[in-house]
Amino acid sequence: MRAAQVEQYNKKNISVKLVDLDKPTIGHRDVLIKILAAGVNPLDNMISRGEVKMIVPYKLPVVAGNEIVGIVEQVGAQVSKYKGKDRVFARLPLDKIGAFAEFVSVDEDALAKVPEYLSDVEAAAVPLTALTIMQALDVMKAKNGKTIFISGGTGSVGAMAIPIAKAKGLTVITNGSVENKERVLELGASKFIDYKTEDYTKVLSNVDYVLDTLGGNETEKQMTILKRGGKLVSLRAMPNGAFAKRMHLPKWKQLLLGIAGRKFDKLAGEYGVTYDFIFVESNGNQLQEVADLFDNFKIKPSIDTVYPFEEVNRALDKVANGRSKGKTVITMERK
């Protein structure tokens, strides 16, 4: 099969190498999937740069890619939920990625069935981002009727987070560039803030939850808009001790990340809020909940650019350097 591998960690080069590999074998609880399309994410570039080694120390070379949609080709002896020709999608397990390939072997617990109304490209845009928001809302213990600010909500994360948060009964506020205002309001945001003309810290206060997609100096700024006892979950700032414990990382990593994330824990304490970091995990049950939610509300993910598999490096560069209005996806059809 064709595949795209990370050959070595390189902070300055996110390119993957196209190679020919044997088809993966399957265990008793695994499903062999013929991949139709794969989502491309900032996480893919973070892995290539070696930025997640502390959380998941991949043994290189490793087939790149974290989320797939495909057709079930073969099932293991103990697989009970899926059969041949089922169309499924997944955020692949952290220790067994490999979406940028023609086939992948996946534990059935990571999978969910794709809503019929979604195309393959649309479905490939769902798992990782949708599970990110589902798991962030879990960490927040988000309640119906509360308010959430999703920072930088005009990209691929916001395009998924806004409709899911809305469907979960939250009032959604976001910010970004004004040319995306109408699209974001159509996704379900109740309020849009133009980041060029308005400072969200001046117009927002007493927000219940924040999903921080920006990191950097913005993380502390977002703490200032929360009410006392409010909760911020970051996708981009720094892992902390609570995150390491939640991920069941070894004690020495818990200690190191506790030190690394102390700055944000301290800031959160000063503002009377809580700080958490999230690194999205595979979860078939949660993804099936997302699929059911999508079926009920007919949510359509926003797609930015679709590349053929041969142009996977262009797709990775687009995610790293291009302005995005939605998800970048690669398709596995042979030319």
Side-chain angles (χ1 to χ4, degrees), residues 1-10 13-41 43-50 52-53 55-114 120-121 123-124 127-128 281-284 287 306-316 319 328-335:
M1 68 172 185
R2 297 178 303 163
Q5 285 187 332
V6 178
E7 300 274 295
Q8 60 184 22
Y9 294 131
N10 189 328
N13 185 359
I14 56 172
S15 295
V16 293
K17 184 178 179 183
L18 298 177
V19 296
D20 285 311
L21 299 174
D22 291 336
K23 261 193 209 180
T25 56
I26 60 170
H28 292 312
R29 293 182 47 77
D30 293 335
V31 177
L32 182 67
I33 296 165
K34 179 179 172 58
I35 297 174
L36 301 172
V40 186
N41 299 279
L43 174 60
D44 301 314
N45 291 326
M46 290 168 69
I47 290 171
S48 294
R49 293 190 197 107
V52 300
K53 283 190 290 186
I55 300 168
V56 193
Y58 292 108
K59 184 179 177 184
L60 302 183
V62 64
V63 178
N66 285 271
E67 68 181 332
I68 56 115
V69 60
I71 299 292
V72 172
E73 182 122 323
Q74 186 183 348
V75 298
Q78 294 175 12
V79 170
S80 58
K81 300 177 194 171
Y82 304 100
K83 62 185 187 303
K85 298 191 178 174
D86 281 346
R87 193 168 64 125
V88 293
F89 56 173
R91 186 273 186 262
L92 297 176
L94 296 183
D95 60 351
K96 209 173 178 187
I97 62 171
F100 299 164
E102 290 183 302
F103 293 90
V104 69
S105 171
V106 190
D107 187 293
E108 71 168 338
D109 286 344
L111 298 168
K113 289 185 178 175
V114 179
D120 296 335
V121 165
L128 191 138
E281 300 179 87
S282 64
N283 187 317
L287 188 55
V306 181
Y307 293 92
F309 177 68
E310 293 78 11
E311 296 180 25
V312 60
N313 282 316
R314 281 188 66 203
L316 290 165
V319 169
T328 296
V329 175
I330 58 171
T331 57
M332 300 307 299
E333 295 171 5
R334 284 186 179 268
K335 284 185 176 179

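One distance of note links CG of L36 with CD1 of I330; it measures 12.0 Å at 0.5 Å rounding. Atom CG of D120 sits about 7.0 Å away from atom CD1 of I71, to the nearest 0.5 Å. In this structure, NZ in K96 is found 13.5 Å from CG in L94, a value given to the nearest 0.5 Å. To the nearest 0.5 Å, atom CD1 of residue I35 and atom CG of residue L92 are 7.0 Å apart. Separation of atoms CG (N66) and CG (N41) is listed at 6.5 Å; rounding is to 0.5 Å.
Checked by atom type and distance alone, the side chain of E67 pairs as donor or acceptor with a backbone atom of L128 at under 3.5 Å. E102 contributes a side-chain N or O that, together with a main-chain N or O of R2, makes up a donor-acceptor pair within less than 3.5 Å. For the pair Y82 (side chain) and L111 (backbone), a donor-acceptor distance under 3.5 Å is present. Of the possible donor and acceptor atoms, one in the side chain of N313 sits under 3.5 Å from a partner among the backbone N and O of V16.
Within the 4.5 Å cutoff, no side-chain heavy atoms of S105 are placed close to those of T25. Residues V69 and R87 are in side-chain contact: their nearest non-hydrogen atoms beyond the backbone lie under 4.5 Å apart. Side-chain contact between E108 and V75: absent, with no pair of heavy atoms (C-beta onward) separated by less than 4.5 Å. Side-chain contact between V88 and V31 is absent, with no heavy atoms from C-beta onward closer than 4.5 Å. Side-chain contact between L316 and S15: absent, with no pair of heavy atoms (C-beta onward) separated by less than 4.5 Å. Counting heavy atoms from C-beta outward, L60 and E7 have side chains that stay 4.5 Å or more apart. Side-chain contact check for V319 versus I14: every heavy-atom pair is 4.5 Å or farther apart. Looking only at side-chain heavy atoms (C-beta outward), V79 and D30 stay at 4.5 Å or farther from each other.
The nearest pair of heavy atoms linking S282 to A110 is CB-CB, 4.0 Å. Smallest separation of non-hydrogen atoms from A3 and A101: CB-CB, 3.8 Å. The minimum heavy-atom distance between V104 and G98, with the atom names listed, is CG2-O, 3.8 Å.
Ion pair K81/D86 not flagged as a salt bridge, since none of the NZ, NE, NH1 or NH2 atoms sits closer than 4.0 Å to an Asp/Glu carboxylate oxygen.
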- Task: Let me see the working for V40 and F100 under side chain to side chain contact (heavy atoms under 4.5 Å, CB included), right down to the final yes or no.
- Result: CA-CA 9 Å; V40 186; F100 299 164; 4.2 Å; yes
- Task: Carefully, step by step, assess I47 and Y58 under the rule side chain to side chain contact (heavy atoms under 4.5 Å, CB included).
- Result: CA-CA 9 Å; I47 290 171; Y58 292 108; 3.9 Å; yes
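For K53, the side chain to side chain contact (heavy atoms under 4.5 Å, CB included) partners two or more places apart in sequence, or in a different chain, are Y9.
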